[in-house]
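Notes follow the structure.
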Amino acid sequence: LAIQERENDLVLATFGRGFYILPNYAPLRNLNNETLAKEASLFPIKDGKMFKTWRPLGGLGSKEKGFQGESFYTSPNPEVGVEFVTWIKSAPSDLKSMRLKKEKQAFKEGKQIDYPTLEEFKAEKNELDSYLIYTIEDEEGNFVRELRAPINSGLSKMLWDMQYPSDGMVSERDANQSKGFSSSGIFVLPGKYQVSLSKSVNGEVSKLAGPEVFQVNELNNRTIPTSDRAELVAFKRKALKLNNAIAALANEVKLLNGKLPFYKAATKALPSDQAADLFKEISKLESNLTALQVVLNGDRDLAALDLDEMLSLRRRASSAIYDIYNSTSNIPGSAKANFEIATKEFNALVKDFEILKSEFNAMDSNLDKAGAPYTPGRM
């Protein structure tokens with residue numbers, strides 16, 4: 001047995017070929033009677049080491065062994081991030097678990113087990129999840145990130161990847177309140193941060209512990225480091241925000257495009273002369289929408305004829321961020337130029353979209369007046 005003092009790791013080697021590491025056992029030093037008596041505790045936090053990970057065995061095969069095959073020996077590296085270790089004296093019980101516990105006890109004692117009433121069943125079904133909230137702020141107290149996890153009794157840990165939260169489009173999977181939001185992939189700036197621990201029970205949030213201050217450091221292992229880390233982070237965040245805004249616009253365009261087949265079908269229920277006039281208007285909407293999509297995504301017909309394509313808005317904005325997404329060097333001029341051009345094109349396209357959206361709304365009104373069958377978006 002040996003202690004690696006700098007990292008607070010407990011290292012064990014066997015007489016065979018076994019080698020084990022218990023990483024950062026330092027929080028255990030604070031696990032005393034005073035701590036155990038508290039409702040919750042947030043232990044001192046080890047400094048975070050910020051760096052881009054490398055996969056020397058390549059991307060094929062498994063993450064750990066690459067293309068070497070499963071018989072190739074590897075040992076997983078510690079997860080990259082800042083580790084928050086907490087002590088929770090007791091987790092709150094929900095209505096369903098309390099009922100099941102009561103029924104189990106009644107079964108042991110041979111007593112009657114009452115069937116839940118409709119009101120009790122609905123209360124269980126509609127009860128909100130309980131969860132822990134880790135609120136991360138910079139040293140000035142500005143909000144940086146929030147992490148969430150289920151409440152479990154005893155020791156638990158939460159890993160922060162030292163990244164800003166995503167501001168992309170949400171999905172139905174993000175609705176679970178006990179899970180935090182996804183990461184943006186962009187590291188925060190090195191410096192001091194603080195974290196506080198709270199809990200949410202039945203929708204009521206209360207503070208448990210903290211703030212606990214910690215440091216995020218950047219490893220000095222880069223070949224061509226940027227001269228201005230703050231500028232690099234700020235550019236990545238605004239370039240990623242532009243890409244997310246374009247994705248949102250593309251989704252709105254897709255929704256409008258989905259209306260067109262229903263518009264065309266609805267005209268068939270009307271007199272032929274009236275249907276013909278409406279169909280012409282619908283065809284014009286389709287043509288304008290196609291023109292907007294060409295600016296947004298490019299003209300696919302050019303590729304079919306093996307002709308050179310102009311750089312679409314989406315590809316230009318994507319190039320501005322993803323060409324340097326994992327870079328820690330200075331921002332190249334091409335990325336800055338692509339961002340500026342894409343920003344101007346996007347602002348102009350948003351105005352065109354708003355006009356087109358109003359024309360679709362007008363078509364909804366025209367179909368209402370004509371007494372056309374139901375189409376999505378019309379009541």
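Atom set for the values below is all heavy atoms of this structure, side chains included, hydrogens, waters and symmetry mates excluded. The first residue in the sequence is number 1, and the count goes up from there.
Annotation: K101, atom NZ; neighbour count of heavy atoms from other residues, nucleotides and ligands within 6.0 Å does not exceed 12. Around OH of Y25, the count of heavy atoms belonging to other residues, nucleotides or ligands within 6.0 Å exceeds 12. Residue I224 qualifies as open at atom CD1: its count of foreign heavy atoms under 6.0 Å is 12 or below. Y325 OH: more than 12 foreign heavy atoms inside a 6.0 Å radius. Atom CD of E140 has more than 12 heavy atoms from other residues, nucleotides or ligands within 6.0 Å. For CZ of F353, the number of neighbouring non-hydrogen atoms (other residues, nucleotides, ligands) closer than 6.0 Å is greater than 12. Heavy-atom contacts from other residues, nucleotides or ligands closer than 6.0 Å to CZ of F262 number 12 or fewer. Atom CD of E79 sits in a sparse spot, with 12 or fewer heavy atoms from other residues, nucleotides or ligands closer than 6.0 Å.
Among all heavy-atom pairs drawn from M98 and S93, the shortest one is CG-CB, 3.6 Å. For the residue pair A40 and I88, the shortest heavy atom distance occurs at CB-CD1, 3.7 Å. Nearest heavy-atom pair across G168 and F181 is O-CZ, 4.5 Å. Here the closest heavy-atom approach between residue G81 and residue L159 is recorded as C-CD1, 3.9 Å. The minimum heavy-atom distance linking S327 with K236 is given by the pair O-NZ, 2.7 Å. Considering all non-hydrogen atoms of both residues, D9 and P23 come closest at OD1-CA, 3.2 Å.
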Under the salt bridge (charged side-chain N to carboxylate O under 4.0 Å, His left out) criterion, do K199 and E39 qualify, and how do the steps go? CA-CA 11 Å; K199 68 175 180 179; E39 181 185 1; 2.7 Å; yes
In sequence, state the C-alpha distance, the side-chain angles, and the governing distance for E103 and R99, and then conclude on salt bridge (charged side-chain N to carboxylate O under 4.0 Å, His left out). CA-CA 6 Å; E103 289 176 356; R99 175 176 62 82; 2.9 Å; yes
Go through the steps to decide whether K46 and E212 satisfy the test salt bridge (charged side-chain N to carboxylate O under 4.0 Å, His left out), and finish with yes or no. CA-CA 11 Å; K46 184 179 178 180; E212 191 72 35; over 6 Å; no
What do the steps show when you test L349 against L249 for side-chain contact (heavy atoms from CB on, under 4.5 Å), and what is the final call? CA-CA 9 Å; L349 201 62; L249 176 60; 3.9 Å; yes
Start with the C-alpha distance between R145 and D161, add both sets of side-chain angles, then the distance that settles salt bridge (charged side-chain N to carboxylate O under 4.0 Å, His left out), and finish with yes or no. CA-CA 10 Å; R145 184 76 186 270; D161 56 11; 3.5 Å; yes
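You'll find the side chain of L240 reaches within 4.5 Å of the side chain of S184, heavy atoms only. Contact check for L28 versus F43: no side-chain heavy atoms found under the 4.5 Å cut-off. Looking at E83 and I45, their side chains never come closer than 4.5 Å, going by heavy atoms from C-beta outward. You'll find the side chain of N251 reaches within 4.5 Å of the side chain of M169, heavy atoms only. Contact annotation: the side chain of I331 approaches that of L232 to within less than 4.5 Å [non-hydrogen atoms, C-beta and beyond]. Using a 4.5 Å heavy-atom threshold, the side chains of R300 and V294 count as separate. In this structure, D94 and S97 have side chains that are in contact, with non-hydrogen atoms separated by less than 4.5 Å. Looking only at side-chain heavy atoms (C-beta outward), V188 and Q163 stay at 4.5 Å or farther from each other.
A donor-acceptor pair shorter than 3.5 Å cannot be found between the side chains of D368 and S365. In this structure, a donor-acceptor pair under 3.5 Å is present between the side chains of T375 and R378. Using modelled atom types, one finds a donor on one side chain and an acceptor on the other under 3.5 Å when comparing N8 with R29. Using modelled atom types and a 3.5 Å distance limit, the side chains of E359 and N361 yield no donor-acceptor pair. For the residue pair D228/T226, the side-chain donor-acceptor check at 3.5 Å is not satisfied. The closest side-chain donor-acceptor pair between N217 and K49, if any, does not fall under 3.5 angstrom. When only modelled atom types and interatomic distance are considered, S312 and N297 share no side-chain donor-acceptor pair under 3.5 Å. Between the side chains of S227 and N330, at least one donor N or O sits under 3.5 Å from an acceptor N or O. The closest side-chain donor-acceptor pair between S156 and N152, if any, does not fall under 3.5 angstrom. Y263 and D364 form a side-chain donor-acceptor contact under 3.5 Å, judged by distance and modelled atom types alone.
Taking hydrophobic clusters as Ile, Leu, Val, Met, Phe, Trp and Tyr residues chained together by side-chain heavy-atom distances below 4.5 Å, W87 does not share a cluster with L208. A continuous path of ILVMFWY side-chain contacts below 4.5 Å connects L36 to L155, so both sit in one hydrophobic cluster. Transitive grouping of hydrophobic side chains (ILVMFWY, heavy atoms separated by less than 4.5 Å) keeps I186 and L242 in distinct clusters.
Remark: the backbone N or O of K102 is not paired with any side-chain donor or acceptor of Q105 at under 3.5 angstrom. Remark: the backbone N or O of F339 is paired with a side-chain donor or acceptor of T343 at under 3.5 angstrom. With hydrogens and angles ignored, the 3.5 Å screen pairs no side-chain donor or acceptor of E231 with any backbone N or O of V233. When atom types are taken as modelled, the side chain of T35 and the backbone of L31 share no donor-acceptor pair closer than 3.5 angstrom. Judged purely by atom type and a 3.5 angstrom limit, S183 has no side-chain atom pairing as donor or acceptor with the backbone of G185. Counting only distance, with no hydrogens or angles, the side chain of S200 and the backbone of Y131 share no donor-acceptor pair below 3.5 Å. Side-chain atoms of N338 come within 3.5 Å of backbone N or O of S334 as a donor-acceptor pair. The backbone N or O of A175 lies less than 3.5 Å from a partner atom in the side chain of Q177, making a donor-acceptor pair.
Taking CG of N30 as the reference point, atom OG of S41 lies at 9.0 Å (rounded to 0.5 Å). Atom OG in S318 sits 9.0 Å away from atom CD1 in I246 (nearest 0.5 Å). Rounding to the nearest 0.5 angstrom, the gap separating the NZ atom in K65 from the CZ atom in F72 is 8.0 Å. With values rounded to the nearest 0.5 angstrom, I133 atom CD1 is found 11.0 Å from S196 atom OG. Taken to the nearest 0.5 Å, the CG atom of L289 stands 8.5 Å off from the CG atom of L285. Between the CG atom in D47 and the OH atom in Y193 there is a gap of 13.0 Å [rounded to 0.5 Å].
Remark: R237 qualifies as a cation-pi partner of Y164 under the 6.0 Å distance and 45° angle criteria applied to the six-membered ring.
Salt bridge status for D167 with K241: present, with a side-chain N to carboxylate O gap under 4.0 Å. In this structure, K179 does not pair ionically with D174, as no charged nitrogen and carboxylate oxygen lie closer than 4.0 Å. Between E218 and R229 there is a salt bridge, with a side-chain nitrogen of the basic residue lying less than 4.0 Å from a carboxylate oxygen of the acidic one. We find that K264 and E286 are joined by a salt bridge, their nearest charged nitrogen and carboxylate oxygen being less than 4.0 Å apart.
A perpendicular orientation is assigned to the rings of W160 and F214, their planes being inclined by more than 60° (bins at 30° and 60°).
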